[in-house]
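Notes for the one structure printed next.
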Amino acid sequence: MNWDRPIVITGAREHNLKNITVSLPREAFIVITGISGSGKSTLAFDIIYAEGQRKYIESLSAYARQFLERMQKPDVDEISGLSPTIAIEQRKAAYNPRSTVGTVTEIYDYLRLLFARAGKAYCPRCDIPIESMSAEEIVQRIFQYYTDQLINIYSPVVRGRKGEFKREFQAYLRQGFVKFRIDGKVTSDPLAMNIDKKKKHHVEVLVDEVEVVPEERGRVFESVALALDLSGGLVCVETQSGAKETWSEKYACPQCGFTFSEISPRTFSFNSPYGACPSCSGLGTLNDFDPLLVVPDESLSLREGAIAPFRGRNSGFYTQMLQCVADHFGFDTDVPFRELPEYVKKIIFYGSGDEEIDFYIRTDRTFYFTRPFEGVIPLLERRYRETESMSEREELERFMRHRPCPDCGGSRLKREYLHVKFSGKNIHELSDMSAFELRRFLSSVKLEGKEKIIAEKILAEVIRRLSFMEDVGLGYLSLSRPVHTLSGGEYQRTKLATQVGSGLVGVIYVLDEPSIGLHPRDTWRLLKTLKGLRDLGNTIIVVDHDMDTIRQADWILDLGPGAGEAGGYVVVEGPPDDVAACDKSYTGQYLSGRLKIEMPSRRRHPRGYIWLKGCTHHNLKNIDVRIPLGVFVCVTGVSGSGKSTLVMDILYPALKGRLTRSRVVAGAFKTLEGWDQVDRVIEVDQSPIGRTPRSNPVTYIGAFTPIRELFAKTREARMKGYRPGHFSFNVKGGRCEACKGDGYIKIDMQFMPDVYVKCDVCGGKRFHSETLEVRFKGKNIYEVLELTVDEALELFNNIPAVKRKLGLLQEVGLGYIKLGQPAPTLSGGESQRIKLARELSKRDTGRTLYILDEPTIGLHAHDVSKLLKVLERLVDAGNTVVVIEHNLDVVKCADWIIDLGPEGGENGGRIVAEGAPEEVMQNPNSYTAEHLRMYLSLEKRVEQGTPA
């Protein structure tokens, strides 16, 4: 740590920060922690990072600044000691199908250079090596291979073409050439030969017969140059013994004439027209209408709406059209779709071909015409091509599915460039390897001579960057993995690996929970990487709740003591030992063991099982998995071991398809047994509860309706004749019509992201002034929406309908969020807990299976304790809760653990251990078991006052 010139923040008041002043050391590993909503991200990102960026932009010229967005100064008196700042946040990457792990980490750029400079080209047709050589290089080869031998130098002027070639032969004879080889036969009178013009032929002109001796070097060079000129870049050399070699001046096949237009880094880029597959434009996939999605429920008949895209306002037209098809071919539109013959389904999906059908359709007008039936899928494809409505395109995309491009096989590149290989592999094969496998493969490559000089430095850089990926726990990812499929934590660590590779010094790195999604085994490797960045002379500021990360910090800043308005104060700061000794800090109490999440006193026993057999999706190794019912199940394993594949890609869609009788496509598996023991499956994920500022927590959980009814019953509302709808910002009446009740006006930026600006008429309050005059206990409807959940519970303490639902939000640890907080400002963890609260408010059958993917993201240990109580309530009601989790506090509280591994990627996908935590901990092959034993041992030592 360096205290010579610390980072000093004076008078920070942004969001809920309470005019705090803090000093942070430089060249240190700093953790900012505290319970959820205490102001950690505000201090780290909205003040330290934002001010660092703002000062950098202000240092630029006025000309440069006009092209950059103007940044507001944070609400802070002064910040001193700031270096350039780089933020590596955990937000999910924007959807860009062209962006891959390889392009983001820049490793793919080095691979493109490697293949362009050291790759060996092969003919796609003949599979023989192709080289590009100058005339001088060809002469050097001739003298290297055929010294002191008599050779014939031929020019292959015709390769695999039909014709008699009389005009060409006459021209060559006039030029003085006297010998030709036609289809392997040598002749001096080609015009006398009977050449079949309907067959393909090979014609070579004998340019010279010369002995390869030093005195004839000039003659050999001239003959080679002439042969290259005659054939357009090819020369063939043959000895008297019959040994033959063909060389190319271009990247052209000496046998069939196939030519590479160029081999350069851009030809291996799927983002360049020079390298991208023309069929899929470098995306690797095509978006087609899928019959499984077009007819999701085969139990419905055509008349009942089996064709999902035909439901809605034009359903009558399409129903009559299908009836005309049915009358023509003699099938019944009232039978379930699954009972129709296959040939009928083919006609419905793809049309009647050339066979014409009489159509008679009556709507508001009468249509009568005769023509072939186009088919449902061609009709949808035409609508998709022709429509200019974005909403209609989005609606039609619901029935489309990505499939690998048939031309490039998903490689994204032109086929010919997949025949350029390095050490026997093309660039797509290398990109499809995991980072671990690719590093191991490239490290084993043996290089010699010219190839070693060219490729050595490039290989060293690729291997170095792959090692960084492994260090941050991403060794299981392939370079071809699209970035939009990564979780927020994976994306953040991908960016971190790029930054580690840059080798910058004197920078402040600000990271948001980098340990998200990491197994405890991989967390230590990440911490080692962060400390390596620190040791280079950088300052690392991490917002995190992970206790392992907190214990390894040089300096801890703990904010709190509560969340929202009850937070924003510095509770304690200092090294880990000082924080652990503080009784006012929840972090300190959990570090010291004075507070901890207790192990359950008993484990529940399953009331049955769901069996998933033959799971082979992605890296799963044909495993049979049993999911116990009526208990709390935790699916664990190192990063990339197949947890999400099993639960999110197979279990959830397979169950949903059976229970809703819809054709949901699940990952590869053979059979699903015991699914009838549950009646609902619900995924409580971290996706937003809404995508616009109009969506908020109070409307999502259904508490806003009784609040509006309360306002409608007040004296002022009754006098003005206001009904509950008047206090809604979704319908006309009481809302501000300038912004349609959004409080913000959306500015369409065309090709840039939309921008929201505060409404000038209502000042962001959503309602017009007359509505805001109505008050309940002194507060108008806008002021109620601005209350936190904790404050609102005091206001509505005597209103059971509101109190119950808001109380559930408080129970899941969200007492600090505002009732009307716009959905886009909520974190993934907050959105997930709001969904949990809504589930708790519903009537329960006790036969629901809940699925959660890492629900502890963004939660302090104190909030994890609250979350576990909520999950326990769901299980106690007879339901099943399945979570994917690495947090050992959650794992130890599970009734049943399914541990996958043993490693990530291709070395994962097997069941390592399963059963109650006590059983799993006995397994010597499980990393989860090993770390769970260590964690419980550490808890015991901390409790005894002797922490390790």
Here the pair of heavy atoms bringing Ile834 nearest to Tyr700 is CG2-CD2, 3.5 Å

Kindly determine whether Phe270 and Tyr108 satisfy ring-ring contact (aromatic ring centres under 6.0 Å, His included), including the steps that lead there. CA-CA 11 Å; Phe270 43 77; Tyr108 191 75; 5.3 Å; yes

Could you walk me through whether His617 and Phe669 pass the side chain to side chain contact (heavy atoms under 4.5 Å, CB included) test, one step at a time? CA-CA 7 Å; His617 195 52; Phe669 74 100; over 6 Å; no

Cation-pi between Arg362 and Phe367: NZ/CZ under 6.0 Å from ring centre and within 45° of the ring axis? no

Closest non-hydrogen contact found for Val638 with Lys643 is O-NZ, 3.1 Å

Of the non-hydrogen atoms in Arg412 and Pro482, which two are nearest, and what is the gap between them? NH2-CG, 4.3 Å

Other residues, nucleotides, ligands: >12 heavy atoms within 6.0 Å of Lys621 NZ: yes

May I ask you to establish whether Arg393 and Tyr384 are in a cation-pi arrangement, using a distance under 6.0 Å from NZ or CZ to the six-membered ring centre and at most 45° from the ring axis? yes

Nearest-0.5 Å distance, OG1 of residue Thr671 to CG of residue Leu612: 8.0 Å

When you compare the side chains of Asp297 and Ser299, does any donor N or O come within less than 3.5 Å of an acceptor on the partner? yes

With salt bridge (charged side-chain N to carboxylate O under 4.0 Å, His left out) as the rule and sequence neighbours excluded, what pairs involving residues 278-291 come up? Asp288-Arg403, Asp290-Arg401

Side-chain donor-acceptor pair present, Ser272, Arg266, cut-off under 3.5 Å: no

Step-by-step side chain to side chain contact (heavy atoms under 4.5 Å, CB included) determination, Val625 to Tyr609: CA-CA 10 Å; Val625 186; Tyr609 296 92; over 6 Å; no

For the residue pair Thr370 / Asp358, report whether a side-chain donor-acceptor contact shorter than 3.5 Å exists. yes

Does a donor on one side chain sit under 3.5 Å from an acceptor on the other, for Thr616 and Asn622? no

Table please: side-chain donor-acceptor pairs of residues 649-658 below 3.5 Å, with sequence neighbours left out.
none

Taking all non-hydrogen atoms of both residues, which atom of Leu286 and which atom of Ser279 are closest, and how far apart? CD2-O, 3.7 Å

Please report the shortest heavy-atom distance between Gly284 and Cys408, naming the atom on each side. CA-SG, 4.3 Å

Can you confirm if the NZ or CZ of Arg112 lies within 45° of the ring axis of Phe268 and under 6.0 Å from the centre of its six-membered ring? no

For Phe289, check ring pair (Phe, Tyr, Trp, His ring centres under 6.0 Å) against everything at least two apart and list the hits. none

Report yes or no: do Glu355 and His328 form a side-chain donor-acceptor pair below 3.5 Å? yes

Working note: Glu374 + Arg382, criterion salt bridge (Lys or Arg N to Asp or Glu O under 4.0 Å); need CA distance, chi angles, decisive distance, verdict. CA-CA 10 Å; Glu374 185 177 11; Arg382 178 169 54 80; 2.8 Å; yes

Could you tell me whether Arg383 and Glu386 make a salt bridge, using a distance below 4.0 angstrom between a side-chain N and a carboxylate O? no

Report yes or no: do Ser301 and Asp334 form a side-chain donor-acceptor pair below 3.5 Å? no

Please tabulate, one pair per line, all N/O donor-acceptor pairs under 3.5 Å involving side-chain atoms of residues 846-853, not counting sequence neighbours.
from	atom 1	to	atom 2	distance (Å)
Arg847	NE	Gln677	O	3.3
Arg847	NH2	Asp676	O	2.7
Arg847	NH2	Gln677	O	3.4
Thr848	OG1	Arg680	NE	3.3
Thr848	OG1	Arg680	NH2	3.3

Between Pro296 and Ala306, what is the shortest heavy-atom contact and its length? CD-O, 4.0 Å

Would the Phe349 and Phe399 ring centres measure less than 6.0 Å apart? no

Run Asp624 and Lys670 through salt bridge (Lys or Arg N to Asp or Glu O under 4.0 Å) and show every step you take. CA-CA 9 Å; Asp624 298 338; Lys670 291 178 182 174; over 6 Å; no

Drop me the distance from Cys324's SG to Tyr360's OH, to the nearest 0.5 angstrom. 10.0 Å

Under the rule for side-chain contact (heavy atoms from CB on, under 4.5 Å), what residues qualify as partners of Lys199, not counting sequence neighbours? Asp196, His201

Which pairs, with at least one residue in residues 335-348 and sequence neighbours excluded, count as a salt bridge (charged side-chain N to carboxylate O under 4.0 Å, His left out)? Glu298-Lys345, Glu342-Lys345

Straight-line distance of Asp899 CG to Thr636 OG1, nearest 0.5 Å: 3.5 Å

